[in-house]
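Excluded from the calculations below are hydrogen atoms, water molecules and symmetry mates; all remaining heavy atoms, backbone and side chain alike, are included. Whatever order the structure lists them in is the order used to number ligands and atoms, beginning at 1. Being a predicted model, the structure only gives us computed values, none of them experimental.
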Amino acid sequence: MGKCPECGAWDALEQFSHEGTEAEPGWAAGADGDSSPREVARPLVEIEASAVDRLPTGLSELDRCLGGGMVAGSATLVGGDPGIGKSTLLLQAMARLAQSGTRVLYATSEESAQQVRMRAERVLPEHGAGRENLFLLAESSLARILEQARKVKPAAMVIDSIQMVWRHDLDSAPGSVAQLRRCALELVQLAKSSGCAVTIIGHVTKEGDLAGPKLLEHMVDVVLNFEGDRHHAHRIVRAVKNRFGSTHEIGLFEMTGAGLAEVDEGAFVAPGSQGRPGLVVFPTLAGSRCILAEVQALTATGFLGSAKRRSSGIDSARLTMLVAVLEKHAGLRLADQDVYAAVAGGLRIIEPAADLAVCVAVAGSMLGRSLAPGVALVGEVGLAGEIRAVPALPQRVAEALRRGCNSVVIPATQASAVKDRASCTIGVANLDAAIALLG
Ligand code: TYD
Ligand code: MG
């Protein structure tokens, strides 16, 4: 290069070779060179299974999704809609790490250092403790971010966000596919060579994911999705991919005036909402735990032939199918009724075990009748109107009873699985039997 891309001076560049002697080996520049020790193929039994080195963030809901904490030398991608709270979550996690004496770097390419500082004042009430371990860098040039990382040598670092980070030597604009790929690859290599836990934040767009983090998912070790309705306080962190743990766990947060707060699982059922037509309680499985969800349905007069079926938090194709089953096997005339179904609190339910709850909520709204307060429902509904078995029934029943329900409607075929709680369960074999419970 004859001209310096930084200052514009001509012939100002000097060649030098990096020996990497004074720097720690892992942090040496030029990760794209082949500096790693040569590996040889070995039999599986000869390879020691070392435990992964984890950095628990202290935000237990986040650690749960990560499988116990960030892993040293790993790359994590956090995706989510703009404004959902990604920056807040990672800033809080980094501050917690700093508090426990870990050196961390938060590189922001979207905001100024002052903006981040202002947010930090809001979300980190405790002053003093560990602040000297939290390094902040407002920079969008990848080369300079890497240079600072090599200087600071953090145990964990965050890039917020990858869409705005760029390499000067690539022709394309920040956020383009070429930039995203190269920058992410370099950050992943830095994580691997230095043992730093690197977290990359990315936006997802509603329409496509061409320039979104989908492109990067195969490069990183862990992919977390930050979901939730921006107009709802509840936020859910879901692990989509995890090379160091299970992908079944979810973390529950609530956006408050002072940042994200961890949520108690009981928060998704409004007290006093039970016993109304169209509202039912369903114990849903989320990883290793069970959350009580409130399923709501409403039927309203529509037009025959163009009646609407709308859902939020429930698969709409599944709702349409369940409405058809109700028509055919429960004798409800829904062809000229608009049917709406939703899950309260911004939760999303994908398991078929919610079918019975949806059906009874729709039937309840249609008939103007409700279940007795304190009754939860669980069961899959088949196309013949039969109630089918669900996974983890004993756990669901136990959780519903623990959280204040007094009886649970279950598939009749599974009654033997919860024999010890026979007095609190009601087995139903088909939809008619379940709808007959509406008082
Ligand atoms: P932010 O973390 O900036 O979202 P992202 O990085 O995903 O784009 O925060 C998103 C919203 O959260 C912001 O619009 C305001 C709100 N918020 C609060 O309600 N309370 C708070 O303490 C903070 C920091 C943000
Ligand atoms: Mg942000």
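- At least one N/O-N/O distance between Gly257 and ligand 1 falls below 3.5 Å.
- Side-chain atoms of Ser60 and Glu262 include a donor-acceptor pair closer than 3.5 Å.
- For Leu89, no heavy-atom contact with ligand 1 is shorter than 4.0 Å.
- Atom 3 (O) of ligand 1 has its nearest heavy-atom neighbour, among Arg119, Glu121, Arg122, in Arg119.
- Of the heavy atoms in Lys86, both backbone and side-chain atoms come closer than 4.0 Å to ligand 1.
- Considering backbone and side-chain atoms together, Pro82 places no N or O closer than 3.5 Å to any N or O of ligand 1.
- Classification of Glu249 and Arg238 as a salt-bridged pair fails, no side-chain N sitting under 4.0 Å from a carboxylate O.
- Of all the heavy atoms of Ala258, the ones lying under 4.0 Å from any atom of ligand 1 belong exclusively to the backbone.
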Expected list for residues 352-360: side-chain donor-acceptor pairs under 3.5 angstrom, two or more places apart:
| residue | atom | partner | partner atom | Å |
| --- | --- | --- | --- | --- |
| Asp355 | OD1 | Arg318 | NE | 3.1 |
| Asp355 | OD2 | Arg318 | NE | 3.4 |
| Asp355 | OD2 | Arg318 | NH2 | 2.5 |
| Asp355 | OD2 | Val381 | N | 3.2 |

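- Excluding water, every protein N/O/S atom under 2.8 Å from the Mg ion (ligand 2) is given here by residue and atom: Ser87 OG.
- In this structure, Glu227 pairs ionically with Arg348, as a charged nitrogen and a carboxylate oxygen lie closer than 4.0 Å.
- The shortest N or O to N or O distance between Gly259 and ligand 1 is under 3.5 Å.
- Salt-bridge annotation for Glu294 and Arg403: absent, with no side-chain N of the basic residue lying under 4.0 Å from a carboxylate O of the acidic one.
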